[in-house]
Amino acid sequence: MSRSFPLDRIRNIAIIAHIDAGKTTVTERILYHTGRTYKIGEVDEGTAVMDWMDEEKRRGITITAAATTCDWQEHRINIIDTPGHVDFTAEVERSLRVLDGGVVVFDAVAGVEAQSETVWHQADRYKVSRICFINKMDRVGANFERTVSMIEEMLRAKPLLVQLPLGSEASFEGVIDLVENKAWRFGADLKEPPVEAAIPESEQARCARARQTLIEKLAETDDQILALYLEGTTITPEDLRQALRRVTLAVKGVPVLCGSALKNKGVRPLLDAIVHYLPSPEDMPPVRAIDTRVGGEVTRPPKDDAPFSALAFKVVSDPFVGRLVYFRVYSGTVKVGAQVLNSTRGKRERIGRLLQMHANRREEEEEVGAGAIIATLGLKNTFTGDTLCHYSQPVLLEAIRFPEPVIAVAVEPRTRADQDKLGGALQKLTEEDPTFRVTYDQEAGQTVISGMGELHLEFLVSRLVSEFGVEAIIGRPKVSYKETITVPVEVEGKFIRQSGGHGQYGHVFIKLEPMERGGGFQFVERIKGGALPKTYIRAAEVGIKEAMETGVVAGYPIVDVKATLYDGSYHEVDSSDIAFKMAGSMALRNGVAKAKPVLLEPIMKLEIVAPDQFLGDIMGDLNSRRGHIESVGARDVMSVIRALVPLAETFGYATNLRSLTQGRAAYSLEFHHYDEMPAELADQITGKAMAR
């Protein structure tokens with residue numbers, strides 16, 4: 001295929017940060033400076049291109065990851081602007097899974113915040129190369145050095161300063177480029193490019209020290225710079241750029257820049273840094289996959305002439321064009337109308353229109369190749385995490401893992417007309433959002449929706465009204481508890497039914513063992529001598545899994561259990577898959593009841609920033625909520641309290657915190673882990689479940 005941009009001139013990046021650090025503002029300025037837009041969008045005014053959904057405009061926050069494309073210095077930059085609120089962490093997760101690099105935005109006043117840590121560790125998990133942009137340098141309280149120190153200490157990162165700020169707060173007027181050893185000043189006209197200037201005499205000693213530190217840090221991890229340094233050879237700007245690129249691609253350091261995106265200060269140098277330091281698809285190792293024909297591992301290099309392979313990472317129900325599936329092409333090419341294989345589901349699909357997305361606007365493409373991030377129409381059976389590949393060379397890429405929902409509410413339609421539309425609307429929302437679950441409570445006769453937090457569910461319910469025209473009544477939030485066992489047990493499951501014709505006979509012995517927290521479920525087969533046919537073993541496993549979904553103690557899902565099927569018996573005539581499925585289910589239920597079961601509750605990580613004078617009241621309140629205070633730090637005149645608190649104790653916390661602090665505190669909340677509930681509280685929940 002003929003490319004408009006060579007592979008080494010493509011950058012696939014995410015803009016990631018804590019909420020309100022300025023991600024969308026940075027993206028809007030990038031689009032303006034690259035000529036993608038001709039009017040600067042503002043988040044506060046609801047005119048930001050990337051926050052195109054009505055809910056995003058109303059709330060002034062990014063809720064869904066939006067993709068766009070722009071060009072800079074003969075490079076194509078594909079950008080995904082991600083949400084900063086923890087309730088929408090799945091959007092960050094799936095974006096980082098398919099991108100090669102990231103720009104992490106920090107607020108120069110707040111520094112490293114709670115969600116900054118979360119997105120940083122997500123990027124670590126996917127080995128995404130990053131550069132840091134310290135934003136809002138013109139705000140009162142901005143502190144560049146403190147933010148860099150927090151990046152080093154809290155994120156265990158190696159910051160490589162490629163810029164120093166010229167001034168701070170109201171006097172912030174430019175940056176010193178330590179690579180080129182020159183200064184750039186930003187004028188009053190926001191649309192004018194920065195002007196090159198000499199480094200002020202008062203800053204020269206500071207600049208020399210910082211440049212020397214940069215060279216020494218690079219020499220610690222880059223052999224070429226180390227050789228030049230030891231030989232006493234003059235290190236040129238190009239030497240530094242190449243070394244910074246090598247270290248960044250190896251995820252051994254992060255270049256740090258600064259500016260004020262709102263005032264258009266530092267955006268052009270940031271674009272240069274994206275081009276210079278972040279990887280192209282060609283720099284990435286060949287993606288690993290499983291050959292579904294033979295079961296062995298294969299690789300797919302990022303080349304147009306390799307077999308086609310891609311990963312679907314996002315599904316959107318567009319009101320104008322229909323069901324859009326976003327995918328990243330890892331190898332090969334694909335054309336409009338091509339037939340591909342969804343190897344995850346074993347179904348063939350036909351590629352409809354190929355659309356290069358710019359937020360909610362679209363540009364048609366006839367063919368795309370390796371490294372492309374594209375959306376398509378026509379894929380009816382493809383969902384988030386599915387692999388698309390050439391049907392003659394099927395492979396399976398690693399799927400995307402998402403956290404489990406932690407909060408649930410009951411939803412009921414207001415009218416009969418709403419009832420007819422509710423099911424279809426909820427199905428479309430679950431296709432779009434892997435952390436949104438819909439179940440039906442048979443006992444209560446209610447539809448229950450689950451998500452990552454109160455804001456997450458509130459947003460989805462708003463979409464039911466605004467996009468699907470469904471009016472719904474929402475119940476009170478409920479915690480998604482889990483059940484688990486604490487001791488190993490061996491148990492027998494026997495299902496025998498006699499009737500006029502063939503009977504039913506299934507008989508298994510299983511051993512249940514507790515796993516470490518977060519271990520999920522593991523099934524192990526230890527049948528010897530062919531005591532059970534393979535088909536009955538699989539049926540018993542299905543029965544065990546189904547019984548785990550409904551629980552034993554209080555009707556909550558069972559987790560962190562290892563089930564080993566080690567013996568059993570069957571009847572030549574009466575045995576069936578259904579009988580062994582029932583036997584497995586009975587064994588699981590009997591075993592859990594004997595294995596000292598306990599309830600697990602979701603524990604949230606809470607970070608509060610409040611004036612020092614309210615510290616005592618806040619800590620007392622946290623103790624009353626069964627909170628465990630991990631640390632108390634200082635940020636200028638504010639105290640920063642980090643604690644772990646059960647989710648059940650956080651409902652309505654915003655109102656309570658405002659009353660405690662006269663409205664002067666802020667907090668962020670995110671899921672941390674599941675932990676065992678105190679026995680007396682677990683008994684209350686179990687009692688309520690039994691009463692129902």
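All figures in this text were calculated on a predicted structure; none of them were measured in a lab.
- In this structure, Arg463 forms no cation-pi arrangement with Phe436, as its terminal cationic atom is not both closer than 6.0 Å to the ring centre and no more than 45° off the ring axis.
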(request) Run the numbers on Ser639 and Asp612 for side-chain hydrogen bond (donor to acceptor under 3.5 Å, both in side chains), then give the verdict. (result) CA-CA 5 Å; Ser639 291; Asp612 295 340; 2.6 Å; yes
In residues 591-601, what donor-acceptor pairs under 3.5 Å come from side-chain atoms, sequence neighbours left out?
residue : atom : partner : partner atom : Å
Glu601  : OE1  : Arg626  : NH2          : 3.2
Glu601  : OE2  : Arg626  : NH1          : 2.7

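- Arg156 forms no cation-pi arrangement with Trp120, by the criterion of a distance under 6.0 Å to the ring centre and an angle within 45° of the ring axis.
- Atom CD1 of Ile473 sits in a crowded spot, with more than 12 heavy atoms from other residues, nucleotides or ligands closer than 6.0 Å.
- Between Ser116 and Gly111, the shortest heavy-atom contact is OG-O, 4.4 Å.
- Minimum heavy-atom separation, Glu113 to Glu607: CA-OE2, 4.1 Å.
- Contact between Ile527 and Asp567 at its shortest, heavy atoms only, is CD1-N, 3.5 Å.
- Counting heavy atoms of neighbouring residues, nucleotides and ligands inside a 6.0 Å radius, atom CZ of Arg401 does not exceed 12 of them.
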Throw together a table of side-chain donor-acceptor distances under 3.5 angstrom for residues 503-510, partners on residues two or more places apart or in other chains.
residue : atom : partner : partner atom : Å
Gln504  : OE1  : Ser576  : OG           : 2.6
Tyr505  : OH   : Ser569  : OG           : 2.8
His507  : ND1  : Ser569  : OG           : 2.7
His507  : NE2  : Glu492  : OE2          : 2.5

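- When all heavy atoms are compared, the tightest approach of Arg130 to Val104 is CG-CG2, 3.7 Å.
- In Lys428, the NZ atom is not crowded: 12 or fewer heavy atoms of neighbouring residues, nucleotides or ligands sit closer than 6.0 Å.
- When atom types are taken as modelled, the side chain of Glu513 and the backbone of Lys562 share no donor-acceptor pair closer than 3.5 angstrom.
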Sequence neighbours excluded and cut-off under 3.5 Å, please list the side-chain donor-acceptor pairs for residues 530-538, or say none.
residue : atom : partner : partner atom : Å
Lys534  : NZ   : Glu525  : OE1          : 3.1
Thr535  : OG1  : Asp577  : OD1          : 3.1
Tyr536  : OH   : Ser575  : O            : 3.2

